[in-house]
Q: 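Structure in structure tokens, see below.
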Amino acid sequence: MSFIAVVVTSLVVALIGGVLWARRRYLVVTVHGSSMAPTYHDGERLLALRNRRHGAPTRDTVVVVDLPRIEVDVASLGGPDRHVETPTTTTVHGRLIKRVAAVAGDPVPDDVISDRSHVPEGMVALRGDNADASIDSRHYGLIHARHCLGTVRRRMG
């Protein structure tokens with residue numbers, strides 16, 4: 001094998017290794033909707049550091065959550081002034097971007113659905129920065145911290 005072939009092969013292997021390393025460490029997500037305004041806006045792309053070896057998320061950080069399928073009562077959306085004649089539900093699931101409102105040991109925020117006074121170990125409460133447009137722990141309660149895929153670090157150009 002020629003010297004050039006060895007160098008090219010080595011570069012290709014290194015490049016593939018680098019790409020795989022980056023995919024294991026980082027996550028790129030796109031904001032959908034206005035639940036995180038004014039911090040993040042619809043269509044913005046964000047870079048998140050995956051949480052695999054970094055432990056549970058901390059309070060006030062913005063996280064990417066892979067939410068399991070949860071049914072939410074639409075009548076509870078939009079606050080106490082909103083009235084829906086026929087109760088209906090909507091399904092919330094998939095990747096969401098939310099702020100961590102409370103972590104294990106913190107008091108459960110007053111408006112979060114919970115049968116506990118403090119957030120239990122391994123759980124978090126989530127909140128959107130734009131409360132009027134966000135479906136969050138006020139509607140579906142506490143979630144397991146394991147559903148937090150990563151912590152948002154910055155906007156992508």
Q: Asp136 and Gly128: which non-hydrogen atoms are nearest, and at how many Å?
A: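 That closest heavy-atom pairing would be OD2-N, 3.0 Å.
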
Q: Does any part of the side chain of Val28, heavy atoms only, come nearer than 4.5 Å to the side chain of Arg45, both counted from C-beta?
A: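 The answer is yes, as the side chains (C-beta and beyond) meet within the 4.5 Å cut-off.
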
Q: Nearest 0.5 Å, what's the CG-SG distance between Leu67 and Cys148?
A: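 Reported value, rounded in 0.5 Å steps: 9.5 Å.
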
Q: Going by heavy atoms in the side chains, are Ile113 and Tyr140 under 4.5 Å from each other?
A: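 No, every pair of side-chain atoms sits at 4.5 Å or beyond.
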
Q: Applying a strict under-4.5 Å side-chain criterion to I, L, V, M, F, W and Y, I'd like to know whether Ile143 and Val112 cluster together.
A: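 No; tracing contacts between hydrophobic side chains, which count when under 4.5 Å, never links both residues.
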
Q: Are a donor atom and an acceptor atom from the side chains of Ser34 and Asp42 found within less than 3.5 Å of each other?
A: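 Checked: Ser34/Asp42 side chains show no N/O donor-acceptor pair below 3.5 Å.
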
Q: Would you say Arg154 and Leu46 make side-chain contact, with heavy atoms under 4.5 Å?
A: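 Side chain of Arg154 against side chain of Leu46, heavy atoms only: no contact under 4.5 Å found.
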
Q: Taking atom CZ of Arg59 as the centre, does the number of heavy atoms from other residues, nucleotides or ligands within less than 6.0 Å exceed 12?
A: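 At most 12 heavy atoms, drawn from other residues, nucleotides or ligands, come within 6.0 Å of this atom.
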
Q: Consider only side-chain heavy atoms of I, L, V, M, F, W and Y, link residues closer than 4.5 Å, and tell whether Leu149 and Val31 are in one cluster.
A: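 Yes, one cluster joins them.
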
Q: State, with a plain yes or no, whether a side-chain heavy atom of Leu27 is found less than 4.5 Å away from one of Arg95.
A: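 Heavy-atom side-chain distance check passes, below 4.5 Å.
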
Q: What closest approach, in Å, do Arg99 and Asp60 show between heavy atoms, and which atom pair accounts for it?
A: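 For Arg99 and Asp60, the tightest heavy-atom pair comes out as NH1-O, 2.7 Å.
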
Q: Hey, does the side chain of Arg153 reach the backbone of Leu47 with a donor-acceptor pair shorter than 3.5 angstrom?
A: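 Here the side-chain-to-backbone pair does not exist.
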
Q: If the test is side-chain contact (heavy atoms from CB on, under 4.5 Å), which one of Leu96, Val124, Thr151, Val152 qualifies with Val63?
A: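 Of the listed options, the one satisfying the test is Thr151.
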
Q: Salt bridge check: are Asp111 and Arg127 linked by an N-O gap of less than 4.0 Å?
A: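 Looking at Arg127 together with Asp111, the answer is yes, because their closest N to O distance falls below 4.0 Å.
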
Q: Quick check: closest heavy atoms across Leu142 and Ser114, and the distance to 0.1 Å?
A: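 For Leu142 and Ser114, the tightest heavy-atom pair comes out as CD1-OG, 3.8 Å.
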
Q: Nearest 0.5 Å please: distance from the CE atom of Met156 over to the CD atom of Glu44.
A: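 Spacing of CE (Met156) from CD (Glu44) equals 12.0 Å.
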
Q: Nearest 0.5 angstrom please: Ser134 OG to Met36 CE, how far?
A: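 Result: 8.0 Å between the selected atoms.
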
Q: Do Val119 and Val103 have side chains that get closer than 4.5 Å, going by heavy atoms?
A: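 Not touching, per the 4.5 Å side-chain cut-off.
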
Q: When clusters are formed by joining ILVMFWY residues with side-chain heavy atoms under 4.5 Å apart, either directly or through shared neighbours, do Met123 and Leu126 land in the same one?
A: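 Different clusters: Met123 never reaches Leu126 through Ile, Leu, Val, Met, Phe, Trp or Tyr contacts under 4.5 Å.
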
Q: Is any side-chain heavy atom of Ile97 closer than 4.5 Å to one of Val29?
A: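 Sidechains of Ile97 and Val29: in contact.
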
Q: Closest approach of Arg50 and Tyr26, non-hydrogen atoms and distance?
A: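 Scanning both residues, the minimum pair turns out to be NE-O, 3.2 Å.
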
Q: Quick check: closest heavy atoms across Ala48 and Gly150, and the distance to 0.1 Å?
A: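 Nearest pair, atom of Ala48 first, then Gly150: CB-C, 4.2 Å.
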
Q: Closest heavy-atom contact between Pro57 and Ala145?
A: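 Here Pro57 and Ala145 meet closest at CD-CB, 4.1 Å.
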
Q: Asp129 and Ser35: side-chain donor and acceptor closer than 3.5 Å?
A: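 Looking only at side-chain atoms, Ser35 and Asp129 do not form any donor-acceptor pair under 3.5 Å.
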
